[in-house]
Protein chains: 2
Amino acid sequence: MKNKIERIQKIKEIISSTKIESQGQLLDILLEEGYDLTQATLSRDLKRMRIAKVGDGCGGYSYILPGQNVAKTLNTSHSSSVPASNWFISIDFSGQFCVIKTRPGYAGGIALDIDAKEADQIMGTIAGDDTILVILRGGVRKKELINILRDIIPIIDK
Amino acid sequence: MKNKIERIQKIKEIISSTKIESQGQLLDILLEEGYDLTQATLSRDLKRMRIAKVGDGCGGYSYILPGQNVAKTLNTSHSSSVPASNWFISIDFSGQFCVIKTRPGYAGGIALDIDAKEADQIMGTIAGDDTILVILRGGVRKKELINILRDIIPIIDK
DNA sequence: TTTTACAATGTATATTTTTTCAATATTTTA
DNA sequence: TAAAATATTGAAAAAATATACATTGTAAAA
């Protein structure tokens, strides 16, 4: 009972640095770290802390802290070997444009990955800190681009 | 199948205007409105829409749209734009003193927030760089102070 | 101190949510 | 248009999450 505050703190740390897909996964980590608790307690903690479970945009789920739109990016690598879910926020299409949102700092690197594919269908990319604009050639369809991006964003939707 | 887009739109409307505590409740509303679907489809919709289920701070749960910021709702009177979870380290009580540890640099600002409450129970605060000393009036109990700090430090919720 | 109230937690269970699988429907391609 | 590829969905099963209840620990009051 004494270590509740400490546990709460630890949960925050884990959630902000690791992608958590279920309470079971988080529970395992906490148990490994030496905390002694059950899933029931974890459920109560998450409820009180207002930590939310939300679709991750890549076919899975992710737990997020309140206000974690500006989550810090602990994963320095952005190469294709890193699961997309570590940097990916959203993808949107409008006319000949595709806008990909990433966690802060990732856009430039991911844009390079996209450029490296040298796809005919892509006229070019422009990247800021957390947003990539992909400009498509006329007549290129959404699905076509998704296929090109598939190994950068393994599962866009499922 | 044609009405999927319409249904998605309706879900957004409902979520933003009504407190939804479970998919079952949302499903009932949609059925009453004439939409024909099952809970399984709803689960998929919510996942794709990245709608989250989160503790409502009053003992229940609530579904929220991606844009809605949970921390803001919680910290209504907190002038700082920084969510509590980003600065809070620990809180301790001893006699008429309460010591709050923060991440470096935050103590002063948080102390201002505490002062702004102008609570009778608090005689004053002294802040360093990462520590706040809250001096309580005689007879003020721990629980009482926690109630006062509740919307500055949401974590100590209970 | 002793009593009392309340908070924290685990266990077991209930509830809710997610997914698998199969059937259709829709869209794209040829 | 017909065939092929994709997407959407429901029903049922599986998985995940939440809670009722009982117990124990902690703090406040007397």
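It should be emphasised that the depicted structure is a prediction, and the values quoted were computed from it without experimental measurement. Throughout, a chain's letter reflects where its sequence line sits, starting with A, and its residues are numbered from 1.
- Within 4.0 Å (heavy atoms only), A:Thr38 reaches at least one base atom of the nucleic acid.
- The distance from atom CG of A:Leu26 to atom C1' of D:dT17 is 13 Å, rounded to the nearest whole Å.
- Taking atom CD of B:Glu21 as the reference point, atom P of C:dA14 lies 21 Å away to the nearest angstrom.
- A:Lys53 NZ to B:Lys47 NZ: the interatomic distance, rounded to the nearest 0.5 Å, is 9.0 Å.
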Test side-chain contact (heavy atoms from CB on, under 4.5 Å) on B:Asp45 and B:Lys4 and set out the steps.
CA-CA 9 Å; B:Asp45 284 348; B:Lys4 186 186 175 189; 4.2 Å; yes

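- Heavy-atom distances to DNA chain D give each of B:Lys53 and B:Asp36 a nearest nucleotide, and the one nearer the 5′ end belongs to B:Asp36.
- Although no hydrogens or angles enter the test, the distance criterion places a donor-acceptor pair under 3.5 Å between the side chain of A:Asp56 and the main chain of A:Gly60.
- Between the CG atom of B:Leu30 and the C1' atom of D:dG10 there is a distance of 16 Å, rounded to whole Å.
- Here the nucleotide nearest the side chain of A:Arg7, chosen from D:dA12, C:dT9, D:dT19, is C:dT9.
- Among the protein residues, A:Ser43 comes within range of the nucleic acid bases, having at least one heavy atom under 4.0 Å from a base atom.
- The base of D:dA18 lies close enough to the side chain of A:Gln39 for a donor and an acceptor atom to sit less than 3.5 Å apart.
- Distance A:Ile51 CD1 to D:dT17 P: 13 Å, rounded to the nearest Å.
- If you check every strand for non-hydrogen atoms under 4.0 Å, A:Leu46 touches nothing.
- Note on the helix from C:dT1-D:dA30 to C:dA30-D:dT1: angle between the axes of the first and last five pairs equals 50°, rounded to 10 degrees.
- For B:Lys47 and D:dT8, the NZ to C1' distance is 15 Å, given to the nearest whole Å.
- Each of C:dT19, C:dT17, D:dG10 was ranked by its minimum atom distance to the side chain of B:Tyr63; first place goes to C:dT17.
- With hydrogens and angles ignored, no donor-acceptor pair closer than 3.5 Å exists between the side chain of B:Arg48 and the base of C:dT18.
- A side-chain contact (heavy atoms from CB on, under 4.5 Å) with A:Tyr63 holds for exactly one of A:Gln23, A:Glu21, A:Lys19; it is A:Gln23.
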Evaluate the side-chain contact (heavy atoms from CB on, under 4.5 Å) criterion for residues A:Tyr61 and A:Val54: first the C-alpha distance (whole Å), next the side-chain angles of each, then the deciding distance (0.1 Å), finally the verdict.
CA-CA 5 Å; A:Tyr61 285 89; A:Val54 62; over 6 Å; no

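- Distance, A:Leu27 CG to D:dA18 P: 13 Å, rounded to whole Å.
- Rounded to an integer number of Å, the gap from CD of B:Gln23 to P of C:dT19 is 11 Å.
- A:Leu42 comes within contact range of no nucleotide atom at all, as no heavy-atom separation falls under 4.0 Å.
- Nearest-nucleotide positions on DNA chain D for A:Ser22 and A:Arg44 put A:Ser22 closer to the 5' end.
- Side-chain atoms of A:Ser16 come within 3.5 Å of backbone atoms of A:Lys12 as a donor-acceptor pair (strictly under, hydrogens ignored).
- A distance of 12.0 Å separates CZ in A:Arg44 from CG in A:Leu46, rounded to the nearest 0.5 Å.
- Counting to the nearest Å, the P atom of D:dA15 and the CD atom of A:Gln25 are 16 Å from each other.
- Considering only side-chain N and O atoms, A:Thr41 lies under 4.0 angstrom from the phosphate OP1 or OP2 of C:dG10.
- As judged by a 4.0 angstrom heavy-atom cut-off over every strand, A:Asp45 is placed among residues making no nucleic acid contact.
- The backbone N or O of B:Ile15 sits nowhere less than 3.5 Å from a side-chain atom of B:Thr18 that would complete a donor-acceptor pair.
- Neither OP1 nor OP2 of C:dA25 sits under 4.0 Å from any side-chain N or O of B:Lys4.
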